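Take a look at the structure set out below.
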Amino acid sequence: MGKKFLLAPDSFKESMTAKEVCEAMEIGIKRAIPDAECIHVPMADGGEGTVQSLIDATEGILIKKEVTGPLGTPVMAQYGILGDGKTGVIEMAAASGIHYVTKETKNPFITTTFGTGELIRDCMERGITDIILGIGGSATNDGGTGMAAALGYKFLDEDGNELPLGGGYLGELDKIDTSDVIPQLKHINILVASDVTNPLCGEEGASAVFGPQKGATPEMVQILDNNLRHYSKIVKEQLGIDMADVPGAGAAGGLGAGLIAFTTSTMKKGIEIVIEYTNLKEKMQNVDYCFTGEGGIDFQTKFGKAPYGVSQAAKSVNSAIKVIALAGYIGQDVETLYEEGFDAIFGIVPGAAGIDALLAQGKVNVARTSESIARLLK
Ligand SMILES: O=C(O)[C@H](O)CO
């Protein structure tokens with residue numbers, strides 16, 4: 001009987017989607033072992049590429065939707081519906097990401113997560129009840145108020161006027177009006193995959209740590225931080241929810257906090273969500289070898305990146321499964337991963353070349369490296 005290989009790489013950013021990496025791995029393996037059985041499970045860790053990988057892994061569909069971008073102008077975003085037909089998967093950056101602003105236009109006083117809320121609303125209108133929401137890579141610092149506004153919450157000043165969108169105005173927040181919240185919202189469960197565990201405010205908070213990359217000067221950081229503190233005080237007083245110190249509340253400019261306050265949400269590590277929704281462990285039964293990988297692998301891989309999740313899953317299913325990782329770039333202290341379930345780690349780069357050429361040749365390099373490895377496994 002042919003050897004059984006499970007192929008579960010993350011994408012190699014700017015070079016290949018996770019699905020393309022699976023295909024290139026299979027080409028290489030079959031050159032060495034023609035009767036090898038290859039199971040493809042494209043992976044992700046909750047960040048960029050999660051929608052594509054989960055759609056590919058579950059045979060879901062991609063939905064395109066025009067929404068309000070971070071600067072208030074329309075952007076064309078996309079999200080996924082998984083193969084089960086009832087789970088939506090959204091990357092907040094698709095609607096509210098930092099790639100929509102430039103050096104000239106970035107301004108966390110006015111950027112908004114409204115478009116992320118519109119994507120959630122679109123899911124609801126299609127009868128979706130469960131949403132996986134990857135948060136991070138945002139242009140925003142609005143505490144998720146824009147997202148909530150798209151779902152019917154109103155943020156009012158002391159004269160009863162609605163505040164303009166953006167984190168710069170939250171210092172004037174006096175009342176949160178819930179009378180127009182979309183009723184179905186309470187039936188939606190959101191599984192939040194956050195890229196960081198920072199709290200909402202303070203030295204480790206959203207404004208201080210991530211505000212500068214979104215265009216905040218030191219003075220703006222101070223104002224934004226005070227505004228988020230004031231906002232969390234009002235939420236606590238009026239809605240009885242204390243979100244300030246929840247790990248991840250400060251992710252995506254405080255969208256983490258907004259999700260806790262205004263929706264039924266659970267935060268979980270992105271890779272755990274992906275492992276669950278792709279049924280990775282079930283697919284690992286009776287597997288001989290597990291190939292994984294990512295554009296870059298180093299000691300940080302063990303802090304929740306996809307190849308780490310895959311190695312842990314494989315060893316928990318059967319410690320005899322050999323876990324083999326491929327990467328374009330192998331970085332610092334990679335040998336520490338040998339204690340984390342990785343059996344071998346291979347670089348795919350054949351020799352010195354410009355980065356553009358290497359990115360363009362990703363599939364060839366993955367296939368060749370996979371073939372070489374598979375020749376040892378015949
Ligand atoms: O979007 C951001 O603020 C960072 O990615 C942290 O979540």
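Just the heavy atoms: all of them, side chains too, but no hydrogens, waters or symmetry mates, feed the values below. Each ligand, and each atom within it, is numbered from 1 in the order the structure gives. Note that this is a predicted model, so its numbers are computed, not measured.
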- Message: Restricting to side chain to side chain donor-acceptor pair (under 3.5 Å), what partner residues turn up for Q78, sequence neighbours left out?
- Response: K64
- Message: Classify the ring geometry of F262 against Y153: parallel below 30°, tilted from 30° to 60°, perpendicular beyond 60°.
- Response: tilted
- Query: Given side chains that start at C-beta, do those of L228 and L170 come closer than 4.5 Å, heavy atoms only?
  - Reply: yes
- Item | Residues lining ligand 1 [heavy-atom distance under 4.0 Å, listed by chain and residue number] | G136, G137, S138, D195, V196, F210, K214, A251, A252, G253
- Message: With salt bridge (Lys or Arg N to Asp or Glu O under 4.0 Å) as the rule and sequence neighbours excluded, what pairs involving residues 132-145 come up?
- Response: none
List the atom pairs, with distances to 0.1 Å, where a side-chain N or O of residues 194-205 and a protein N or O form a donor-acceptor pair under 3.5 Å, not counting sequence neighbours.
residue : atom : partner : partner atom : Å
S194    : OG   : V196    : N            : 3.4
S194    : OG   : V196    : O            : 2.6
N198    : ND2  : E204    : O            : 2.8

- Lys/Arg-Asp/Glu bridge criterion (N-O < 4.0 Å) met for K65, E118: no
